[in-house]
2 protein chains.
Amino acid sequence: MPASPPNPASIDFAALDMLRVVHELGSFTAAAEKLNVNQSAVSYTIGKLRACFQDPLFVREGGRQVATDRCEEILAKSLQMLGMLDEMLQPDAFAPGQATQNVTIACNYYERVLLIPGIVAAIRQVAPKMTVKVISSLSDGHLRLLRREADVLIGPFERAESGFHSRRLYGEEYACLMDPGHPLARTPLDADRYLSLNHVLIDYGAGWQSAFLRELEAAGHRLTPTIVVPSPAGLGTLIAGSDLVATIPRRLGARDAETLTLAPSPFRGRFDVSLVWAAHTNASAMHRWLRDLIWSACRG
Amino acid sequence: MPASPPNPASIDFAALDMLRVVHELGSFTAAAEKLNVNQSAVSYTIGKLRACFQDPLFVREGGRQVATDRCEEILAKSLQMLGMLDEMLQPDAFAPGQATQNVTIACNYYERVLLIPGIVAAIRQVAPKMTVKVISSLSDGHLRLLRREADVLIGPFERAESGFHSRRLYGEEYACLMDPGHPLARTPLDADRYLSLNHVLIDYGAGWQSAFLRELEAAGHRLTPTIVVPSPAGLGTLIAGSDLVATIPRRLGARDAETLTLAPSPFRGRFDVSLVWAAHTNASAMHRWLRDLIWSACRG
DNA sequence: CGGGCGCCATCTGATTTTCTGATGGGATAT
DNA sequence: ATATCCCATCAGAAAATCAGATGGCGCCCG
């Protein structure tokens, strides 16, 4: 009879559920009705299970189909599995109020100063039990996404490679920050005059080059900085009262607008600040929520 | 795109295993090779899972297929399930040496005295960690099997109903037990002389009638007992030195053969002692072992 | 930067599995 | 005994799954 023992891997959850119903009702026919299938379908499927498990599973005892001991064991595991399937099926809903996950955002100084406070406030308001971690992303932001070290990346990153998604938050450009007493504080700067200034250059290292520098060099010029610093931190106090000029993103400079002067740069180096994420987080409910939240916080 | 969301119950273990392999290898094509199927089969099955779980499960990230968070969760449960399937599949082997189960045997006085000691000894020899429980089965032995109160039933029970299996152990017949000094101890008994004796009748109650009595009554006779007792216990001392005669199974009487006389009865009431079990224990390895052991112990 | 290549999605048709409806045997109930 | 219920089985239909071919997309290499 068992010409070819059927492959147990071909057992599906419908078969396990049928086992459950037959066990519950003690009858193939009744199970068929409950499952809205033909009686012979039940017979067929139970027959297959019988062959797979090499056990009759159910035997007639005075009009009822009674489970064998082996069947009881199999059934117990089957019920567990059916429960697990149900768990697997529920589309990962995300309830910010109850959520306790951690969110890791990769970005740089610019975003840390200008955007993170608003983002953190927004998160804490609707998801007070969540935690936020901010990590820096010099030039390896995309890699950190792939390594799952960060959930999202915010910054001036063109989406080049596949495996990523991104959303533009807003456009930004560079401007010159200087002391209000600087001789050229009120004069429009052309390229030559700009290049002759005493520049404070921010060199983030790691091969990163600011957009205005790329534009400047593409135009055949070269910047000779007076001072090089690794980050915009403390820039305001460095410039105040000096003849130094720093070329930094406009919104960053705007924070010092009360004490310093922000003048247009001949090399504006326009770029976009974007939200970037790895493809593997694209469908996740939590990540979708996070991305929408960041988008609102950085636009509204 | 999701014209008809496929029924998640139609997911089988082969699909879960495919998920596992794709995750392991990070490639549909490689998984197809490993599973000895066509690449399009992998695509088809993963596509079905994608539809069931409403999640891409795998996304391309730099040449590799990377699992989504949801996929990781699903996979974790899938691995558990695949493990459970393997457990379910192993044909319940039974190792008497390690077994700690209990065995419950239903029987009556006759078997308890003549057979149980040998059975228990045999069990304890090969399965020292198992325990044995003996329960009485007046006329409800079959019911106790169905109720799973007993694993096997031993006794003179014809297998009438379905839902049971049985195996004949040996044939038995009734004989007359009396004091060696009894006037008829050496004379062959015919029916009339037998009927005129002073009988000790064992009446088990519960509607049970001994085979020799049925034979006797079928022949139109009637037995008028001098004494009625509910069990053969202590019968030897009751008969010794008296003119009482008890008609009991031959092997039971043989235990008193040194002090009492066992004479053929004109109503032999032949019957079979059988091992009976419920259909739902028929395939169980433990029960098969137990039945074989009992059969050997009662025959060998 | 263009062409080759590897990988997955999709199409078509073949194969296998599963289902329906009908029939028969065995056991139970009347 | 007869009627009835229940499961197994059969033949054919329907559905699911698979193989082979094709196309699109991105990567890699020149």
Side-chain angles (χ1 to χ4, degrees), chain A residues 1-18 21-23 25-52 56-67 159-165 279, chain B residues 1-18 21-23 25-52 56-67 142 146 159-165 279:
Chain A
M1 193 258 283
S4 60
N7 182 1
S10 72
I11 297 171
D12 62 11
F13 291 99
L16 299 185
D17 192 55
M18 191 174 281
V21 175
V22 169
H23 181 268
L25 300 178
S27 156
F28 286 27
T29 305
E33 283 178 29
K34 184 154 185 170
L35 294 170
N36 284 101
V37 292
N38 196 296
Q39 168 265 320
S40 80
V42 176
S43 192
Y44 171 84
T45 300
I46 299 293
K48 179 179 139 183
L49 293 178
R50 282 173 166 165
C52 284
L57 301 178
F58 295 99
V59 291
R60 286 195 77 116
E61 279 181 8
R64 262 185 84 81
Q65 294 288 124
V66 175
R159 68 164 301 239
E161 304 134 87
S162 79
F164 296 97
H165 298 256
Chain B
M1 194 259 282
S4 60
N7 182 0
S10 73
I11 298 172
D12 63 10
F13 291 99
L16 299 186
D17 192 55
M18 192 174 281
V21 175
V22 170
H23 181 269
L25 301 177
S27 155
F28 286 27
T29 305
E33 283 178 28
K34 183 154 183 170
L35 294 170
N36 285 102
V37 292
N38 196 295
Q39 168 265 320
S40 80
V42 176
S43 193
Y44 171 83
T45 300
I46 299 293
K48 179 178 137 182
L49 293 179
R50 282 172 164 164
C52 284
L57 301 178
F58 295 100
V59 291
R60 287 194 78 117
E61 279 180 8
R64 263 185 84 82
Q65 293 290 124
V66 175
H142 290 79
L146 291 186
R159 69 164 300 237
E161 304 135 88
S162 78
F164 296 97
H165 297 255

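Letters A, B, ... mirror the listed sequences (proteins, then strands); counts begin at 1.
Regarding A/Gln65, its CD atom lies at a distance of 13 Å from the C1' atom of C/dT28, rounded to whole Å. Atom CG in A/Leu25 sits roughly 17 Å away from atom P in D/dC5 (whole-Å rounding). Whole-Å rounding puts the A/Ile11 CD1 to C/dT18 C1' distance at 15 Å. Computed from coordinates, the A/Arg64 CZ to C/dG26 P distance equals 24 Å when rounded to whole Å. Spacing between atom CG of B/Asn7 and atom P of D/dT17 amounts to 11 Å, rounded to whole angstrom units. Between the CD atom of A/Glu33 and the C1' atom of D/dC6 there is a distance of 12 Å, rounded to whole Å. Atoms CG (A/Asn36) and C1' (C/dC19) sit 13 Å apart, rounded to a whole Å. The CZ atom of A/Phe28 sits 9 Å away from the C1' atom of D/dA8 (whole-angstrom rounding).
A/Glu61 places a side-chain N or O within donor-acceptor distance of the main-chain N or O of B/Ala279, the cut-off being under 3.5 Å.
Within the structure, salt bridge (charged side-chain N to carboxylate O under 4.0 Å, His left out) pairs that include any residue of residues 38-52 of chain B do not occur (at least two apart or interchain).
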Just list the side-chain donor-acceptor pairs under 3.5 Å for residues 30-37 of chain A, sequence neighbours left out, or say none.
{"residue": "A/Lys34", "atom": "NZ", "partner": "A/Glu24", "partner atom": "OE2", "Å": "3.0"}

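In terms of phosphate contacts, A/Thr29 brings no side-chain nitrogen or oxygen within less than 4.0 Å of OP1 or OP2 of D/dC5.
Heavy-atom distances under 4.0 Å link DNA chain C to B/Gln39, B/Ser40, B/Ser43, B/Arg50 of residues 38-50 of chain B, given in residue order.
In terms of heavy-atom proximity, B/Thr45 sits nearest to B/Met18 at CB-SD, 3.6 Å.
When side chains are defined from C-beta on, B/Phe58 does not count as touching B/Leu49, because their heavy atoms never get closer than 4.5 Å.
Considering only the side chain of A/Val37, C/dT20 comes nearest among C/dT20, D/dC6, C/dC8.
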